[in-house]
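Any value given below was found using the heavy atoms of this structure, including those in side chains, with hydrogens, waters and symmetry copies removed.
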Amino acid sequence: DEMRSVMAVLESAEDEQSLLIGIRALQLVVQAHVAVEEGEIFPAFRQMATPDTLRTLDDEAATHRAGGSR
């Protein structure tokens, strides 16, 4: 929700300064989101996921990084 709000502000920016402020705000929102995922969500998932699930997700990620899709 916060990211959507910042994106709406960016879309309505009428000058360079407003755009730069919006981009910085978006950067901070994304960094906070990533910190929560990497610090809390991913470790909890790794603890709960089976080795087969982790292998499947790793294979899918590798396919997407290579430009393919499943």
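By the criterion of side-chain heavy atoms lying less than 4.5 angstrom apart, applied directly or through intervening Ile, Leu, Val, Met, Phe, Trp or Tyr residues, V30 is not grouped with V36; the two fall into different hydrophobic clusters. Following chains of ILVMFWY side-chain contacts shorter than 4.5 Å, one can reach L19 starting from L26, so the two form part of one hydrophobic cluster. The cluster map of Ile, Leu, Val, Met, Phe, Trp and Tyr, joined by side-chain heavy atoms under 4.5 Å apart, puts V29 and M7 in the same cluster. Following chains of ILVMFWY side-chain contacts shorter than 4.5 Å, one can reach V6 starting from V34, so the two form part of one hydrophobic cluster.
Considering CG of L28 and CE of M3, their distance stands at 11.5 Å, rounded to 0.5 Å.
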One pair to check against side chain to side chain donor-acceptor pair (under 3.5 Å): H64 and E60. What are the steps and the verdict? CA-CA 6 Å; H64 288 286; E60 288 177 9; 5.7 Å; no
The test is salt bridge (charged side-chain N to carboxylate O under 4.0 Å, His left out); show your working for R55 and D52 and say whether it passes. CA-CA 5 Å; R55 236 183 327 277; D52 285 340; 2.6 Å; yes
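Side-chain polar atoms of T50 and T53 form a donor-acceptor pair below 3.5 angstrom.
For E2, the CD atom is loosely surrounded, since the number of other residues' heavy atoms within 6.0 Å does not exceed 12.
Judged purely by atom type and a 3.5 angstrom limit, S18 has no side-chain atom pairing as donor or acceptor with the backbone of E14.
Scanning both residues, L54 and R46, for their nearest heavy atoms gives CD1-O, 4.4 Å.
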